[in-house]
Amino acid sequence: MSVDPTLLDDLEARGLIHDTTDRAALAERLAAGPVTVYVGFDPTADSLHVGNLIGLLTLRRFQDAGHRPISLAGGATGMVGDPSGKSDERNLLDDDALAANLAGIVPQLRQFLDFEREGNPAKLLDNRAWTVGVPYLVFLRDVGKYITVNQMMAKDSVRSRLEGTDGISYTEFSYMLLQAHDFSWLFENEGCEMQMGGSDQWGNITAGTDLIRKKGMGKAHALTWPLLTKEDGTKYGKTAGGETLWLSADRMSPYRFFQAWIQVEDAEVRKLLLQLTLLPVAAIDALMAEHEAEPHRRQAQRRLAEELSTLVHGAEATAAAVAASDVVFGGKGAPNDGALALETVKVLAGEIPTASLARSSLDTGDVPALLAEAGVAASKGEAVRLIKQNGVSVNGAKLSGESTIDENDLLHGQFLLVRRGKKSVSLINFGKD
RNA sequence: GGGUCGGUGCCCGAGUGGUCAAUGGGAGCGGACUGUAAAUCCGCCGGCUUCGCCUACGGAGGUUCAAAUCCUCCUCGGCCCA
């Protein structure tokens with residue numbers, strides 16, 4: 001089995017290396033042959049989100065380079081809660097919630113890696129398997145003895161909690177030990193020599209490499225990537241509107257996911273292409289050159305959205321999102337109602353927010369009330385304002401204060417296509433007669 | 001436990017008896033310009049049966065023609081002392 005010797009350089013070029021243990025030794029080890037490497041994902045919700053994408057993709061990059069990736073679902077650690085990046089003590093998840101979260105996450109972990117690949121198939125493990133039955137005394141002897149409290153308190157997230165007024169529970173304080181134990185267990189039982197994670201995981205990861213070294217088990221490696229941030233340094237992971245970018249179609253529709261990436265600003269797009277897609281660096285450079293020549297075509301954003309949608313939701317859902325986007329944003333301004341085929345409307349209904357209202361809602365002739373009822377505006381007052389500000393169009397025509405809507409306006413006798421502002425489009429379905 | 005300062009709209013923060021749905025900033029929303037970008041500019045930004053009414057300035061009472069503003073109690077938070 002041969003490995004791709006350019007892996008580390010590629011990661012470097014993508015800006016994906018924040019820190020590593022002994023870089024020369026790591027490079028040497030990676031060049032020598034397949035390495036088993038893991039990334040942990042704690043089931044804090046029933047879906048992963050963009051914050052987890054780098055981890056998933058980095059594992060994928062390792063697999064594509066010939067190494068053996070392990071996705072670790074944190075069935076045990078998720079119960080305790082990682083204090084990293086948290087200013088408050090977490091609520092413990094009960095068993096049912098944890099099981100539900102795992103059930104949501106495991107398929108997502110699966111889809112990024114190849115579990116059948118000849119030579120270096122991926123593995124998916126749950127740390128609960130080797131954690132749940134460990135007696136406390138054994139844990140203290142085999143893990144706790146090797147890690148000093150001094151080291152644990154050196155961690156920023158722990159220190160800030162110690163200095164704060166609310167403190168930190170012994171449970172969360174112990175999180176680092178659990179993660180170190182995972183690494184040493186995987187090292188011993190799966191031949192896993194390397195752990196990766198976001199830069200906030202550095203302390204937790206090196207606790208593992210230290211434990212492995214102190215127990216005389218051998219040499220383990222670590223790599224962290226920078227947390228995904230925007231140009232201004234704030235955390236990525238939300239849309240401009242503040243929505244979390246979930247990977248689950250139930251939590252965020254493929255259309256909205258797609259749109260979120262289309263709307264990325266120029267300053268961010270190169271970095272996102274590098275870190276969140278599998279496109280070769282050279283291809284990204286070429287794409288960016290194209291983009292800079294004709295920025296209004298938004299080729300870079302489009303490609304980013306297509307690549308990510310395909311990775312997360314698959315080719316079919318991506319095609320539907322593209323089709324819906326073309327209808328909504330394809331023409332100059334609003335879609336042309338006459339040209340909107342019933343089939344297209346039906347595709348849209350699956351992709352954009354759709355409200356179902358009773359036909360009787362049309363009877364009053366009160367347009368603002370209708371918009372409020374459909375959720376286009378938060379209140380009737382807001383709807384009135386939006387109309388006054390020229391912010392609403394129905395079936396492609398701007399509404400004015402005098403506009404009315406009746407049965408004759410329904411597309412295919414059933415739908416209204418409502419645009420609010422530039423970016424937000426929704427459908428109101430009045431059902432068949 | 002004592003003292004003291006404070007709790008104002010999504011957030012920060014003015015306002016200390018009427019002129020207050022409440023100054024200002026941020027966020028958000030709409031518009032213009034554009035490229036579903038950025039920057040900039042303009043407007044909006046509690047609700048409604050919208051030239052008026054209702055609900056709101058931690059909670060409950062009270063004084064007053066009139067309270068976010070004064071009084072009482074309660075509650076929560078900061079700081080100081082024990």
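Every chain is numbered from 1, with letters handed out A, B, ... down the list of sequences.
- Following rounding to the nearest Å, A:Leu399 (CG) and B:rG30 (P) show an atom-to-atom distance of 15 Å.
- In this structure, the CG atom of A:Asp266 is 17 Å from the P atom of B:rU34, given to the nearest Å.
- Nucleotide B:rG77 has B:rC5 as its partner under the Watson-Crick or G-U criteria, with both atom distances under 3.5 Å.
- Atom CZ of A:Arg419 and atom P of B:rU36 are 10 Å apart (whole Å).
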Practice task
Go through A:Asp42 and A:Tyr175 one step at a time and tell me if the side chain to side chain donor-acceptor pair (under 3.5 Å) criterion holds.
Solution key: CA-CA 12 Å; A:Asp42 274 357; A:Tyr175 185 91; 2.6 Å; yes

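- The partner of B:rG17 is absent, by the rule that a Watson-Crick or G-U pair needs both atom distances under 3.5 Å.
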Report each atom pair, protein N/O against N/O of nucleotides 31-33 of chain B, whose distance is under 3.5 angstrom.
residue: B:rC33; atom: N4; partner: A:Lys422; partner atom: NZ; Å: 3.2

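- Regarding A:Gln263, its CD atom lies at a distance of 10 Å from the C1' atom of B:rA37, rounded to whole Å.
- Taking the P atom of each, B:rC20 and B:rG30 are spaced 30 Å apart, rounded to whole Å.
- Rounded to a whole angstrom, the distance from the P atom of B:rC79 to that of B:rC65 is 43 Å.
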Exercise for the section: List the steps and the verdict of salt bridge (Lys or Arg N to Asp or Glu O under 4.0 Å) for A:Asp46 and A:Arg251. Expected result: CA-CA 9 Å; A:Asp46 64 10; A:Arg251 283 194 175 239; 2.7 Å; yes

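- Nucleotides B:rU8 and B:rA22 are separated by 9 Å at their C1' atoms, to the nearest Å.
- The aromatic rings of A:Phe62 and A:His67 are tilted relative to each other, their planes meeting at an angle between 30° and 60°.
- Comparing the P positions of B:rG46 and B:rG35 gives a spacing of 34 Å, expressed to the nearest Å.
- At the heavy-atom level, A:Gln259 lies under 4.0 Å from base atoms of the strands shown.
- With rounding to whole Å, A:Leu371 atom CG is found 14 Å from B:rG30 atom P.
- Put simply, the side chain of A:Arg297 and the base of B:rG35 share no donor and acceptor less than 3.5 Å apart.
- Atom name C1', nucleotides B:rU69 and B:rG17: the rounded distance is 6 Å, in whole Å.
- Pair check for B:rG52 finds B:rC48; Watson-Crick or G-U wobble, both atom distances under 3.5 Å.
- Distance check on atom C1': B:rA27 versus B:rG61 gives 37 Å, rounded to whole Å.
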Practice task
Please test A:Glu294 against A:Arg297 for salt bridge (Lys or Arg N to Asp or Glu O under 4.0 Å), starting from the C-alpha separation and ending with a verdict.
Solution key: CA-CA 6 Å; A:Glu294 299 181 291; A:Arg297 293 184 60 208; 3.0 Å; yes

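- Heavy-atom minimum distance, A:Leu102 versus A:Ala73: CD2-CB, 3.7 Å.
- Between A:Phe173 and A:Tyr170, the angle of the ring planes lies from 30° to 60°, which puts this pair in the tilted group.
- Nearest nucleotide to the A:Ser325 side chain, out of B:rG35, B:rG30, B:rU36: B:rU36.
- Partner assigned to B:rU40 is B:rA32, using Watson-Crick or G-U wobble distances below 3.5 angstrom.
- Searching all strands for a Watson-Crick or G-U wobble partner of B:rC70 with both distances below 3.5 Å returns B:rG62.
- The CG atom of A:Leu386 sits 12 Å away from the C1' atom of B:rG43 (whole-angstrom rounding).
- Taking atom C1' on both B:rG25 and B:rG78, the two are 23 Å apart, rounded to the nearest angstrom.
- Atom CD in A:Gln299 sits about 13 Å away from atom P in B:rU36, given to the nearest Å.
- Base pairing of B:rC10 is made with B:rG26, judged by Watson-Crick or G-U wobble geometry with both donor-acceptor distances under 3.5 Å.
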Problem - Annotated protein contacts, base or backbone, on nucleotides 46-51 of chain B with a non-hydrogen cut-off under 4.0 Å, one of B, S, - each - result: -SSSB-

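- Residues satisfying the salt bridge (charged side-chain N to carboxylate O under 4.0 Å, His left out) criterion with A:Glu373, sequence neighbours excluded, are absent altogether.
- Taking OG from A:Ser400 and CD1 from A:Ile387, the interatomic distance works out to 8.5 Å, rounded to the nearest 0.5 Å.
- Rounded to whole Å, the distance from CD on A:Glu294 to C1' on B:rU34 is 16 Å.
- A distance of about 32 Å separates the P atoms of B:rU49 and B:rC42, rounded to the whole Å.
- Atom-to-atom distance recorded for A:Leu113:CG and A:Leu59:CG is 5.5 Å, nearest 0.5 angstrom.
- The CG atom of A:Asp366 sits 10.0 Å away from atom CD1 of A:Ile405, with the distance rounded to the nearest 0.5 Å.
- In the model, A:Asn204 has a side-chain atom that pairs as donor or acceptor with a side-chain atom of A:Gln201 under 3.5 Å.
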